[in-house]
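Counting from 1, the numbers follow the sequence of the chain as shown.
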Amino acid sequence: MAKPVGPICNLDCSYCFYLEKEQLYPPRERFSMSDDVLRLYVQRYIAAQHTPEVEFTWQGGEPTLLGLDFFQRAIAYQRQFADGKVIRNTLQTNGTLLTDDWCAFLARENFMVGISLDGPRHVHDLYRPDKRGRSSFDDVMRGIGLLKRHNVEFNVLVTVAREVARYPLEIYRFLKAEGARHIQFNPVVERQPDSAQVSQGLHFAVPPELRLHTLPEPASVTVQSVEPEVYGDFLIAIFDEWVRHDVGEVHVMNFEWALASWCQLPASVCLFSPRCGKAAIVEHDGNVYSCDHYMYPEYLLGNLKTDDPAVLLASAAQQAFGAAKEEKLPAYCLQCDYRFACHGECPKNRFVNAPNGEPGLNYLCPSYKKYFRHLTPYMNAMAELVSHKQPASLIMQAFDGPLIVPLGK
């Protein structure tokens, strides 16, 4: 991922772990990717890919703060260095700064746009004010309206913080009514910082250390963090409605990731893969870090101005970072029936003790156990359908009558 504007954003979401990264740079830092770095990034990233298609993912902060001209230049460099490869672009945005000109450009260049929207007004405004503390809801909805008008493909990212988790069906039904057909739910889990981190201006604790053999002492979580079991209840409530009415029509990525696991396919998202380390980020100044959740000096791999990104990803440090996810999995996880679908989830969330006292269990383990247990009969049936080249959407017939799964070839 590229973060061409670093942590700078026009919103002030209280759960955002990235806004405070501004404190890790000198005062008066210019958080804007220079043209030299942009050109190097595009050129070296394309050259590092050995596939016929290359996808650029632009995030922030809020990347649209750089203006349309920045992305027009990015597209020009992509065309210059494409070397016959198909180039695709994804933009994650809060949508508040979108205009007709922006959306015409996004449509013309076939961008996939991710919109951050937590639900209807009273839910969205719980945690997502602008810098003056005002509601951002109307501006986001205006942006979505412009995307629809210009036929720009978009998906919705819902950040499930503590209070947001109280409204699963209200959120899901609202998003469906607004025409969202691709939805992803991300849980908020952040630890309270220690006194040394507070003195640095940090509001969230540094993630557990992956490269060492010990983990820090368990710590309390922030007031925005979803509760350990509640996130599972949130997903289950939405799943029960989705599996009865919307399979094949509304694509909830969380459920599709689970189905892939039940179909014994490789994980398509780092959260649930056995190892990580393939989702490095490029900051506005060209610095490359192991992961955006680990954007700290200890995880700096190099800089695009001097280093080949392929070499950085293959470096011993990044390989160790990725392997540690599997190697440090607690015995409690190794014996779990749902290891194949979870693999301990994100290492940044592994800061509680297992029932046997072993450190390094995921904070959300109770949620995932409950969620995967609930999904199992449905996923078994859908995986069986898919294995016989039938659409998974046939599962919905089971709620009107007996589900008949064809056998044989």
Side-chain angles (χ1 to χ4, degrees), residues 1-42 45 56-78 89-109 111-118 124-125 127-147 150 152 154-157 159 186 201 203 281-289 292 295 304:
M1 297 186 294
K3 293 183 178 278
V5 72
I8 304 303
C9 188
N10 60 323
L11 298 189
D12 198 18
C13 305
S14 58
Y15 52 59
C16 182
F17 68 94
Y18 216 78
L19 292 178
E20 68 178 21
K21 298 302 187 291
E22 184 177 352
Q23 304 300 321
L24 301 178
Y25 285 90
R28 295 182 296 279
E29 170 81 7
R30 184 173 183 269
F31 290 95
S32 177
M33 183 176 280
S34 69
D35 195 67
D36 288 343
V37 172
L38 174 62
R39 187 178 189 278
L40 275 173
Y41 170 53
V42 171
Y45 183 62
F56 285 80
T57 302
W58 307 94
Q59 294 201 2
E62 175 47 47
T64 58
L65 284 169
L66 287 176
L68 189 52
D69 178 67
F70 175 88
F71 288 93
Q72 290 171 332
R73 285 185 283 118
I75 293 297
Y77 287 136
Q78 288 174 355
N89 287 276
T90 298
L91 176 72
Q92 183 66 39
T93 175
N94 59 42
T96 62
L97 302 178
L98 294 178
T99 63
D100 277 310
D101 286 345
W102 260 109
C103 292
F105 165 79
L106 296 170
R108 184 171 64 251
E109 302 300 339
F111 271 65
M112 163 63 80
V113 176
I115 290 283
S116 296
L117 173 66
D118 286 351
H124 179 85
D125 284 345
Y127 298 101
R128 298 187 63 82
D130 67 12
K131 294 297 187 184
R132 295 184 180 180
R134 301 173 304 187
S135 169
S136 63
F137 179 79
D138 287 336
D139 286 337
V140 176
M141 296 308 297
R142 180 187 52 77
I144 290 175
L146 288 170
L147 291 172
H150 289 269
V152 178
F154 73 96
N155 57 57
V156 174
L157 174 66
T159 307
N186 280 6
H203 300 91
I281 68 154
V282 178
E283 258 289 348
H284 66 288
D285 58 356
N287 278 347
V288 179
Y289 293 87
D292 66 338
M295 204 288 277
L304 286 180

Kindly indicate whether the side chain of Val282, heavy atoms from C-beta on, has any atom under 4.5 Å from the side chain of Tyr45.
no
Working to the nearest 0.5 angstrom, can you tell me the gap between Phe154 CZ and Leu146 CG?
11.5 Å
Just so I know, are the side chains of Cys9 and Leu19 near enough to count as touching, which here means a heavy-atom distance under 4.5 Å?
yes
Taking C-beta and beyond as the side chain, do Thr99 and Leu68 meet within less than 4.5 Å on heavy atoms?
no
Can you sort out the partners of Tyr127 under ring pair (Phe, Tyr, Trp, His ring centres under 6.0 Å), two or more places apart, ordered by chain and number?
Tyr15
Go through the steps to decide whether Asn89 and Gln78 satisfy the test side chain to side chain contact (heavy atoms under 4.5 Å, CB included), and finish with yes or no.
CA-CA 10 Å; Asn89 287 276; Gln78 288 174 355; 2.8 Å; yes
Could you tell me whether the side chain of His124 and the main chain of Asp118 form a donor-acceptor pair under 3.5 Å?
yes
Considering only heavy atoms from C-beta outward, does the side chain of Asn10 approach that of Thr64 to under 4.5 Å?
no
Supply the atom-to-atom distance Tyr77 OH to Asp35 CG, rounded to the nearest 0.5 angstrom.
3.5 Å
Applying ring pair (Phe, Tyr, Trp, His ring centres under 6.0 Å), can you list everything that pairs with Phe17, at least two apart in sequence or on another chain?
His293
Which atom names give the shortest non-hydrogen contact between Asp125 and Ser136, and what distance separates them?
OD1-N, 3.7 Å
Do Asp139 and Asn94 have side-chain heavy atoms sitting under 4.5 Å apart?
no
Please examine the side chains of Thr93 and Glu62, heavy atoms only from C-beta on, and report whether any two atoms are closer than 4.5 Å.
yes
Does Asp292 have any salt bridge (Lys or Arg N to Asp or Glu O under 4.0 Å) partners at least two apart in sequence or in another chain, and if so, which?
Lys3
With sequence neighbours excluded, what pairs up with Thr90 under the side chain to side chain donor-acceptor pair (under 3.5 Å) test?
Glu55
Side chains of Gln92 and Thr57: is there a donor and an acceptor less than 3.5 Å apart?
no
Nearest-0.5 Å distance that lies between atom CE in Met112 and atom CG in Leu106:
12.0 Å
Looking only at heavy atoms, what is the nearest atom pair of Pro63 and Gly60, with distance?
CD-N, 3.9 Å
Trp58/Phe71 aromatic ring centres below 6.0 Å
yes
Assess the pair Phe56 and Tyr41: is the distance between their ring centroids shorter than 6.0 Å?
yes
Please report the closest heavy-atom contact between His150 and Cys103, naming both atoms and the distance.
CD2-CB, 3.4 Å
Does any non-hydrogen side-chain atom of Val37 lie less than 4.5 Å from one of Asp285?
no
To the closest 0.5 Å, what do you measure between NZ (Lys21) and NE2 (His284)?
13.5 Å
Using the rule side-chain contact (heavy atoms from CB on, under 4.5 Å), only one of Ile144, Leu91, Thr96 pairs with Ile115; which is it?
Ile144
Can you measure from CD1 (Ile281) to OH (Tyr289) and round to the nearest 0.5 angstrom?
7.5 Å
Output all residues satisfying side-chain contact (heavy atoms from CB on, under 4.5 Å) with Arg134, sequence neighbours left out; order by chain, then residue number.
Asp130, Arg132
Using every non-hydrogen atom in the two residues, find where Leu117 and Val156 come nearest and quote the distance to one decimal.
O-CG1, 3.7 Å
Would you mind reporting whether Pro7 and Met295 have side-chain heavy atoms less than 4.5 Å apart?
no
Sorted by chain and number, sequence neighbours left out, side chain to side chain donor-acceptor pair (under 3.5 Å) with Tyr18 holds for Glu283
Could you go through the side chain to side chain contact (heavy atoms under 4.5 Å, CB included) check for Val5 and Phe70 one step at a time?
CA-CA 11 Å; Val5 72; Phe70 175 88; over 6 Å; no
Electrostatic pair Asp138-Arg142, nearest N-O below 4.0 angstrom:
no
Leu66 versus Pro4, closest heavy-atom pair with distance:
CD1-CB, 3.4 Å
